2 protein chains.
Amino acid sequence: MPYIKLEEHLPGITGLLEYRQDSAAPIRELTQFLLRGPNTLTEGERELIATIVSSRNECKFCTAAHTAAADMLLGEQETSKKIKEDISTAPVTAKMKTLLTIAAQVQESGKSVTAESISKAKEAGATDIEIHDTVLIAALFCLYNRYVDGLATVTPTDPNFYQGLADRIVNNGYNRLKQGYDHLKK
Amino acid sequence: MPYIKLEEHLPGITGLLEYRQDSAAPIRELTQFLLRGPNTLTEGERELIATIVSSRNECKFCTAAHTAAADMLLGEQETSKKIKEDISTAPVTAKMKTLLTIAAQVQESGKSVTAESISKAKEAGATDIEIHDTVLIAALFCLYNRYVDGLATVTPTDPNFYQGLADRIVNNGYNRLKQGYDHLKK
């Protein structure tokens, strides 16, 4: 049961974003810009960054939601599975391997990001903005994961829930819809 | 030297917020709302939450900046020093001890926040919103600390720099000023 009183039909992050809409608005805006805004990284690649950080933070809700979103964007379920197992052998570009490695270091701590991993990213063609956005997306999911688990929100076990959520964030993005999350009500 | 090209006269978070203003705007807005918005926690108390998380993440820039801001708001330098040493004996209210404990747990991981620490906070009079805001402020500084250190930004050693920054965030808040950070130029 969540540590604070949230609407019962809204699990994970969804209840938190409805609970305090004044803080939710800039969180949504930041996420929309970083994950859906104009970028040389694809939306699928950016969802993979969200996925690996959430997975390493062991946040089940965020991992399931962003895995489902990445899978929907990539059109297959192999890549998200493989990056969680081993970045070095996952079926992503050489550049994405270096960026996912940086994201995994950010998950540990800002201080864990090494000059070596940055050099490898630049050698693989990553731009300053791509490195910046990778670090900030990873840091943002360190916020989300702590927010979701720190208040002990509910984690649905039904995969269909995450399919519905992925469909929403792939097709409508991270901005608030007029109906909130009423469409997720059973 | 920072891992990406930032303006040389802008150390720590200041260069990052100028580098990518589209992501900076919602980060500033979220921070302004949580740390300066209407709240039953004082601004000084909220800066103490920022301070303890930054300290435990060993982010020198953020620790120095928010320690200086807390000291300026509280009118003394003892409390910020003591909470970093030992929350249980620090000169803060019983409620703040429980909230700082929750913030310290969020710094470790969302999963580290225990039902026991939440119960203690509620017994000490903390409201749901105060618990929510404590968790979200702590999570936000887990973002900031990773952003600042993950890109290896510069950490000034001159205490006067942090006094100037504290003066700015105490008196003007976290919104962007028209002149950016030009006033910090030597």
Side-chain angles (χ1 to χ4, degrees), chain A residues 1 3-6 16 19-20 22-34 37-38 57-59 102-103 105-115 117-119 121-122 127-136 138-153, chain B residues 1-6 16 19-20 22-34 37-38 57-59 102-103 105-115 117-119 121-122 127-129 131-136 138-153:
Chain A
M1 217 175 69
Y3 290 149
I4 60 176
K5 197 166 165 40
L6 301 170
L16 296 172
Y19 177 75
R20 195 117 159 91
D22 286 334
S23 48
I27 293 174
R28 287 182 178 286
E29 190 191 328
L30 178 61
T31 311
Q32 179 69 13
F33 175 75
L34 289 172
N57 275 327
E58 298 178 44
C59 180
I102 291 169
Q105 291 174 337
V106 170
Q107 182 270 326
E108 288 181 8
S109 161
K111 299 174 128 36
S112 297
V113 180
T114 62
S117 66
I118 298 288
S119 293
K122 290 184 179 179
T127 63
D128 272 18
I129 286 198
E130 287 172 343
I131 291 169
H132 169 276
D133 287 1
T134 296
V135 169
L136 186 50
L140 174 61
F141 280 86
C142 287
L143 177 157
Y144 269 126
N145 301 158
R146 281 167 171 76
Y147 192 23
V148 164
D149 284 336
L151 289 164
T153 63
Chain B
M1 216 174 68
Y3 290 149
I4 59 176
K5 197 166 165 42
L6 301 171
L16 296 172
Y19 177 75
R20 196 116 158 92
D22 286 334
S23 49
I27 294 174
R28 287 181 179 285
E29 189 191 330
L30 179 61
T31 312
Q32 178 69 13
F33 175 74
L34 289 173
N57 275 327
E58 296 176 47
C59 179
I102 290 169
Q105 290 174 337
V106 170
Q107 182 272 324
E108 288 180 8
S109 161
K111 298 175 129 37
S112 297
V113 179
T114 62
S117 67
I118 298 288
S119 293
K122 291 184 178 179
T127 63
D128 273 18
I129 287 197
I131 290 169
H132 169 277
D133 287 0
T134 296
V135 169
L136 186 50
L140 174 61
F141 280 86
C142 287
L143 177 156
Y144 269 126
N145 301 158
R146 281 167 171 77
Y147 192 22
V148 164
D149 284 336
L151 289 164
T153 62

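Keep in mind that what you see is a predicted model, and the values were worked out from it rather than measured. By convention in this document, chain letters (A, B, ...) are assigned in the order of the sequence lines, proteins followed by strands, and residues within each chain are numbered from 1.
Remark: the backbone N or O of Lys5(A) is paired with a side-chain donor or acceptor of Asp128(B) at under 3.5 angstrom.
Contact count versus chain A (heavy atoms, under 4.5 Å) is highest, among Ala25(B), Gly37(B), Ala138(B), Ala115(B), for Ala115(B). Counting heavy-atom pairs closer than 4.5 Å to chain B, the top-ranked of the candidates Tyr19(A), Tyr3(A), Tyr144(A), Phe141(A) is Tyr3(A). For the set Arg28(B), Lys111(B), Met1(B), the entry with the most heavy-atom pairs within less than 4.5 Å of chain A is Lys111(B). Note: Asp22(B) leads Asn145(B), Thr114(B), Asp22(B) in heavy-atom pairs under 4.5 Å with chain A. Of the residues considered (Ile129(A), Ile131(A), Leu34(A)), Ile129(A) shows the highest number of contacts with chain B, using heavy-atom pairs under 4.5 Å. Heavy-atom pairs under 4.5 Å with chain B peak, among Ser119(A), Gly150(A), Ala139(A), Pro26(A), at Pro26(A).
Here the side chains of Ile102(B) and Ser117(B) are in contact, with some heavy-atom distance below 4.5 Å. Considering only heavy atoms from C-beta on, Leu30(A) stays 4.5 Å or farther from Glu29(B) through its side chain. By the 4.5 Å heavy-atom criterion applied to side chains, Asn57(B) and Ser109(A) are not counted as neighbours.
Contact annotation for Glu58(B): both backbone and side-chain heavy atoms come within less than 4.5 Å of a heavy atom of chain A. For a residue to count as touching a neighbouring chain, one of its non-hydrogen atoms must lie under 4.5 Å from one of that chain's; by this rule Thr127(B) does not touch chain A. With a threshold of 4.5 angstrom between heavy atoms, Tyr147(B) approaches chain A through its backbone and through its side chain. With a 4.5 Å cut-off on non-hydrogen atoms, Ile118(A) touches chain B through its side chain but not through its backbone.
Rounding to the nearest 0.5 Å places CG of Leu16(A) at 8.5 Å from CG of Leu136(B).
Val106(A) pairs with exactly one of Val135(A), Thr134(A), Leu140(A) by the side chain to side chain contact (heavy atoms under 4.5 Å, CB included) rule, that one being Val135(A).
Minimum interatomic distance between Thr31(B) and Ile27(B) (heavy atoms only, all atoms of both residues): OG1-O, 2.7 Å.
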